[in-house]
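The analysis underlying the following values was restricted to heavy atoms, covering all of them including side chains, and did not include hydrogens, waters or symmetry mates. Quantities reported herein were computed from a predicted structural model and do not represent experimental measurements.
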Amino acid sequence: MKKFVAVLLAAMLCLSFAACGGEKATDKTVDAAAMFKALLNDVTYSGGVTEFEASETNVAMILGGTLPEGTEAYLAANSSSYLRCAVFACKDKDAAAAVKALIQSYIDESIDAKYNVDEVALLQKAKIHTMGRYVAVAVTDDTDNANKVIDRYFA
């Protein structure tokens, strides 16, 4: 009986430690517009960068797809319409997952097309950042600064 109680207590202790761990809070509100402006101003992009209105037409032209309903988007591209940075505030985590998949598809298809060696090199370095219902990406050689900006808002 003592062994049984000892094992039971040990199991309860392990479960209580497991309950304390886990992911960081993802219900934090992020100022997506400010984050986007910081990415535009604090990060260097090859070929320049222009902010685009996040209309369905522009999203389709740049990313090749449509955004989930209720998604607030901020996009910037260079003069050749290559994605440079984007921030998305989605209605929920599922919509954010769909946006992440859309961006990943854009990156994968662009790399597979190999239409521009320099662009492919940038896309291979791109990392899609997510936190809760937010998604951010920067396509740049200046990845350290891009990561710092994104980390500042996602911390």
Side-chain angles (χ1 to χ4, degrees), residues 16-155:
S16 69
F17 284 136
C20 294
E23 296 181 23
K24 62 183 177 181
T26 57
D27 57 353
K28 176 182 175 184
T29 300
V30 173
D31 186 344
M35 181 180 187
F36 178 71
K37 291 295 183 189
L39 282 171
L40 283 178
N41 296 326
D42 299 346
V43 178
T44 304
Y45 299 94
S46 62
V49 65
T50 302
E51 183 175 349
F52 277 68
E53 178 185 340
S55 67
E56 285 185 39
T57 303
N58 286 341
V59 169
M61 176 185 67
I62 295 170
L63 296 178
T66 58
L67 297 174
E69 186 177 320
T71 300
E72 185 180 326
Y74 302 90
L75 299 167
N78 69 5
S79 59
S80 300
S81 296
Y82 296 149
L83 179 68
R84 285 296 168 253
C85 67
V87 177
F88 303 89
C90 305
K91 66 180 177 180
D92 56 31
K93 289 181 186 180
D94 291 336
V99 168
K100 181 179 180 180
L102 177 64
I103 296 168
Q104 189 62 58
S105 177
Y106 163 80
I107 290 171
D108 293 343
E109 289 173 12
S110 297
I111 289 171
D112 288 345
K114 295 179 178 55
Y115 54 83
N116 179 316
V117 175
D118 295 331
E119 186 66 16
V120 168
L122 290 174
L123 288 165
Q124 288 172 330
K125 295 177 192 175
K127 179 182 175 193
I128 304 168
H129 301 261
T130 60
M131 185 189 77
R133 64 184 194 93
Y134 300 94
V135 181
V137 63
V139 181
T140 178
D141 275 327
D142 193 8
T143 54
D144 288 341
N145 279 334
N147 290 335
K148 284 178 188 174
V149 168
I150 293 168
D151 289 345
R152 187 168 67 230
Y153 284 88
F154 280 4

*Answer whether the closest heavy-atom distance between the side chains of Gln124 and Ile111 falls below 4.5 Å.*
yes
*Calculate, to the nearest 0.5 Å, the distance between atoms NZ and CG belonging to Lys127 and Asn147 respectively.*
6.0 Å
_Using the side-chain contact (heavy atoms from CB on, under 4.5 Å) criterion, which residues pair with Ala38? Sequence neighbours excluded._
Asp42, Val149, Arg152, Tyr153
*Nearest 0.5 Å, what's the CG-CG distance between Leu75 and Leu67?*
7.5 Å
_Nearest atoms (heavy-atom pairs only) where Leu39 meets Tyr45_ = O-OH, 3.0 Å
*Kindly indicate whether the side chain of Leu40, heavy atoms from C-beta on, has any atom under 4.5 Å from the side chain of Cys85.*
yes
*Does the side chain of Phe52 come within less than 4.5 Å of Met61's, by heavy atoms?*
yes
*If you measure only the distance, is there a donor-acceptor pair under 3.5 Å linking the side chains of His129 and Asp151?*
no
*Ignoring hydrogens and angles, tell me if any N or O in the side chain of Ser110 forms a donor-acceptor pair with the backbone of Tyr106 under 3.5 Å.*
yes
*Considering all heavy atoms of both residues, which atom of Pro68 and which atom of Ala98 are nearest to each other, and what is their separation?*
CG-CB, 3.8 Å
_My understanding is that only residues two or more places apart in sequence, or in another chain, count here; which of them pass side-chain contact (heavy atoms from CB on, under 4.5 Å) with Asp142?_
Val43, Thr44, Thr140, Asn145
*Can you establish whether the number of heavy atoms outside Lys125 located under 6.0 Å from its atom NZ is more than 12?*
yes
*In Å and rounded to the nearest 0.5 Å, what is the CG to CD1 distance from Leu102 to Ile62?*
11.0 Å
_Inter-residue atom distance Tyr82.OH - Leu122.CG, 0.5 Å rounding_ = 10.5 Å
_Phe154 vs Val30, side chain to side chain contact (heavy atoms under 4.5 Å, CB included): CA-CA, chis, key distance, verdict_ = CA-CA 7 Å; Phe154 280 4; Val30 173; 4.2 Å; yes
*Is there a donor-acceptor pair under 3.5 Å between the side chain of Arg133 and the backbone N or O of Cys90?*
yes
*Run the side chain to side chain contact (heavy atoms under 4.5 Å, CB included) check on Thr71 and Val135 step by step: do they pass?*
CA-CA 10 Å; Thr71 300; Val135 181; over 6 Å; no
*To the nearest 0.5 Å, what is the distance between CD1 (Ile128) and CD (Gln104)?*
4.0 Å
*Can you name the one residue among Asn78, Val49, Leu123, Leu63 that meets side-chain contact (heavy atoms from CB on, under 4.5 Å) with Leu83?*
Leu63
_Is there a side chain to side chain contact (heavy atoms under 4.5 Å, CB included) between Phe36 and Glu51? Walk through the geometry before answering._
CA-CA 10 Å; Phe36 178 71; Glu51 183 175 349; 3.6 Å; yes
*Charged N-O contact under 4.0 Å between Glu119 and Arg84*: yes
*Does the pair Val59 and Thr66 meet the rule for a side chain to side chain contact (heavy atoms under 4.5 Å, CB included), with working shown?*
CA-CA 6 Å; Val59 169; Thr66 58; 5.9 Å; no
*Search all heavy atoms of Thr29 against all heavy atoms of Tyr134 and return the closest pair with its distance.*
CA-OH, 3.5 Å
